[in-house]
There are 2 protein chains.
Amino acid sequence: MFSQACKYAIRAVLYLAVHASAGKKVGVKDIAAALDVPKYFLAKILQQLSRNNLISSTKGPSGGFYLSEKNLEATLKEVVECIDGPDVFNACILGLPVCSSENPCPLHIQAFAYREGLHYQLKHQAIGDLAKRIEREEQKI
Amino acid sequence: MFSQACKYAIRAVLYLAVHASAGKKVGVKDIAAALDVPKYFLAKILQQLSRNNLISSTKGPSGGFYLSEKNLEATLKEVVECIDGPDVFNACILGLPVCSSENPCPLHIQAFAYREGLHYQLKHQAIGDLAKRIEREEQKI
DNA sequence: TAAATAAAAGATTTTTTTGTCTTTTATTAT
DNA sequence: ATAATAAAAGACAAAAAAATCTTTTATTTA
């Protein structure tokens with residue numbers, strides 16, 4: 001479903017939502033260590049998210065990554081599409097160029113019902129709210 | 001979700017279910033042309049399915065691939081797991097080593113419902129029955 | 001039995017994804 | 001101002017996935 005890069009992106013964003021803030025920025029090194037993820041690869045991913053204003057950063061001493069109030073209002077759908085492209089939730093599960101409710105592939109109904117559910121959740125839940133649940137239920141990231 | 005190879009596999013199997021039979025075998029070349037899929041790559045995939053008794057084949061003139069009665073009773077779950085491995089429907093969507101209902105990752109609930117639905121369909125619908133629906137509704141493969 | 005055919009198997013290449021390292025630029029604290 | 005720090009950017013390497021080509025083996029029909 002998601003590329004490796006995208007999985008790292010989601011986890012990093014959620015990690016920042018829970019553990020960082022404008023007053024407590026976190027460096028790549030720390031995030032990579034906490035998530036057990038390749039450092040340099042993660043750096044690239046964070047840069048891409050930063051360029052697209054999904055996460056915030058400052059250089060220099062006491063610099064690092066964090067989520068602004070605005071960032072916390074974004075959704076994981078935006079994060080996913082930033083890394084894996086805009087078609088993740090629309091592309092035909094069998095790779096057919098045309099596949100829709102009018103012109104469905106043999107798996108369209110099955111795939112659509114359930115993928116649309118995930119899509120809906122990622123689209124309507126703010127990252128900040130997700131983070132609150134993670135803290136409340138003490139979920140691992 | 002599925003690898004390219006797996007998408008080709010599903011489509012090829014459904015194609016065979018609809019267009020081939022023990023008395024009317026179809027060669028790789030024809031399948032590849034009909035599905036617009038790389039010929040040699042598809043050949044490899046069909047070999048793997050054949051080795052695992054999910055499709056049938058005979059060599060030589062008037063040889064080719066087809067689905068036996070037994071093959072038609074199998075499911076796409078078996079096809080998918082044959083190509084993409086046994087963990088496709090169980091692996092954590094974020095790639096976490098441990099992720100279950102007891103110890104859920106932040107997306108477990110959302111992802112589980114989505115994937116389990118698809119899993120259920122692919123597991124309980126015989127390929128032969130799927131083929132009937134494809135013919136009835138004239139779906140593209 | 002021989003020629004033709006088509007899958008099986010093996011080897012190789014190309015492309016994409018993932019991962020690493022180095023240099024540059026911006027920021028901050030001294 | 002200067003040194004230290006950390007992200008940004010660029011170049012590169014390794015691994016995996018996708019795709020191609022060649023040789024071998026089995027089967028059938030003439």
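Below, all heavy atoms of this structure are taken into account, side chains as well, without hydrogens, waters or symmetry copies.
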Query raised in the report: Whole Å only: how far is the CZ atom of A:F2 from the C1' atom of C:dT16?
Result: 20 Å

**Report entry** Whole-Å gap separating C1' (C:dA7) and CG (B:L49)
**Finding:** 14 Å

**Report entry** Nearest-angstrom distance from the residue atom CG of A:D84 to C1' of C:dT18
**Finding:** 13 Å

Report task. Specify the separation, in whole Å, of atom CD of B:Q47 and atom C1' of D:dC21. Result -> 13 Å

Query raised in the report: Whole Å only: how far is the CG atom of A:L46 from the P atom of D:dA9?
Result: 13 Å

Query raised in the report: If each of A:T58 and A:Y40 is mapped to the nucleotide of DNA chain C with the nearest heavy atom, which maps nearer the 5' terminus, i.e. the 5' end?
Result: A:Y40

Requested in this report: Please state whether the phosphate of D:dA7, meaning OP1 or OP2, lies under 4.0 angstrom from any side-chain nitrogen or oxygen of A:R51.
Outcome: no

Query raised in the report: When rounded to the nearest 0.5 angstrom, what is the spacing between OH in A:Y40 and CD1 in A:I45?
Result: 15.0 Å

Output a table of donor-acceptor pairs, distance under 3.5 Å, between side-chain atoms of residues 87-96 of chain B and any protein atom two or more places apart or on a different chain; print 'none' if there are none.
none

Report task. Nearest-nucleotide wise, let me know which of B:G60 and A:F65 is further upstream toward the 5' end of DNA chain D. Result -> A:F65

Query raised in the report: What are the residues of residues 21-39 of chain A, sorted by number, that bring a heavy atom to within less than 4.0 Å of DNA chain D?
Result: A:V26, A:G27, A:V28

Requested in this report: Scan A:Q4 against the nucleic acid and name what it touches under 4.0 Å (heavy atoms): base, sugar-phosphate only, or nothing.
Outcome: sugar-phosphate

Requested in this report: Specify the separation, in whole Å, of atom NZ of B:K44 and atom P of C:dT12.
Outcome: 13 Å

Query raised in the report: Does A:K59 get its side chain close enough to the base of D:dA8, under 3.5 Å, for a donor-acceptor pair?
Result: no

